[in-house]
Amino acid sequence: MTLSKISLSLIFFTITLVRAATFLVQDETQSILLKSSKAEIKVPVVLGVMSRCPDALLCENSMDAVLKKVGDKIDLKLVYIAELNSSEPDFGATCMHGPEECAGNVQQLCAAKYAPFSNWWEFVHCNNYEGRSKIGLPETARKCAQTAQIDWETSGVGECAGLDASGKAAEGVRLFHKSIEFGKTMGLEKSCTIYINGEKVCVHDGTWKECENGHTVADFTRQINEAYDKLNA
Ligand SMILES: *[C@@H]1O[C@H](CO)[C@@H](O)[C@H](O)[C@H]1NC(C)=O
């Protein structure tokens, strides 16, 4: 073997090694990317509610217990039930429990849009804890914003729902109308209706109804785990 032949073999050997290493690294990167993108598929959970409805309060309470078990697997959203009505001067919609309920819906939607998840959820809980007859009132919104560590003036929530906390500001009312329309496309009629991964799984209307797979926290948790595993299989 001449010296040039040896160096040529060495060069080929090196190239082969580098190729193999590159391939391994790419493979590794791909599988990491695949894993992380898979882990991001959360289960959409929707509660169809009205902010002053006793059934909604009950569902939200139940979902709070579910969140404590499988919170990191859920993408939770509240959708509001009302009737669009252009004769209504403030909200352009009629709410079953009066205009204060419309205001409460708007405040909660604005908190959902501009506050982080846990602050929004605490805001909703604070509303409920204040009592149904106080939901939607400006003083309740301000007090609960404080409790949930939402700065009404600077977070965006206030500008969305009204700096006066009336729930009558344009952006919030638009969000409310979009929510009503979204509910209609889902066939949402009753507060409270629970959807897991796009499927209507349970209704609470005075009592639990149409809950084929159960209505306890454990039942919802199980259904969410099943949907999560299916989505991330
Ligand atoms: C629409 O709003 C007007 C004004 O408040 C009210 O009188 C009427 O009953 C509402 N219509 C419906 C269908 O709720």
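Atoms within a ligand are numbered from 1 in the order they appear, just like the ligands themselves.
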Engineer: Treat each ILVMFWY residue as a node, draw an edge where side-chain heavy atoms are under 4.5 Å apart, and state whether Val46 and Val124 are in one component.
Structural biologist: no
Engineer: Tell me the protein heavy atom at minimum distance from atom 5 (O) of ligand 1, and give that distance in Å.
Structural biologist: Glu88 OE2, 3.2 Å
Engineer: Checking a contact table here: which protein heavy atom is nearest atom 14 (O) of ligand 1, and how many Å away?
Structural biologist: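 Here the closest protein heavy atom is Thr94 OG1, 3.4 Å.
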Engineer: My understanding is that only one of Asp64, Ile150, Thr147 makes a side-chain contact (heavy atoms from CB on, under 4.5 Å) with Glu122; could you say which?
Structural biologist: Thr147
Engineer: Can you list every pair that meets disulfide bond (SG atoms under 2.5 Å apart) and has a residue in residues 40-87, with sequence neighbours left out?
Structural biologist: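 Matches after skipping sequence neighbours: Cys59-Cys192.
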Engineer: What's the shortest distance from atom 4 (C) of ligand 1 to any protein heavy atom, and which residue and atom give it?
Structural biologist: Ser87 O, 3.9 Å
Engineer: Assess the pair Phe117 and Trp120: is the distance between their ring centroids shorter than 6.0 Å?
Structural biologist: yes
Engineer: How close does the nearest protein non-hydrogen atom get to atom 13 (C) of ligand 1, and which residue and atom is it?
Structural biologist: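 The closest heavy atom on the protein side is Asn85 ND2, 4.5 Å.
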Engineer: Can a side-chain donor-acceptor contact be found between Tyr80 and Gln108 if the only test is distance below 3.5 angstrom?
Structural biologist: yes
Engineer: Hey, is atom 2 (O) of ligand 1 touched by any protein heavy atom at less than 4.0 Å?
Structural biologist: yes
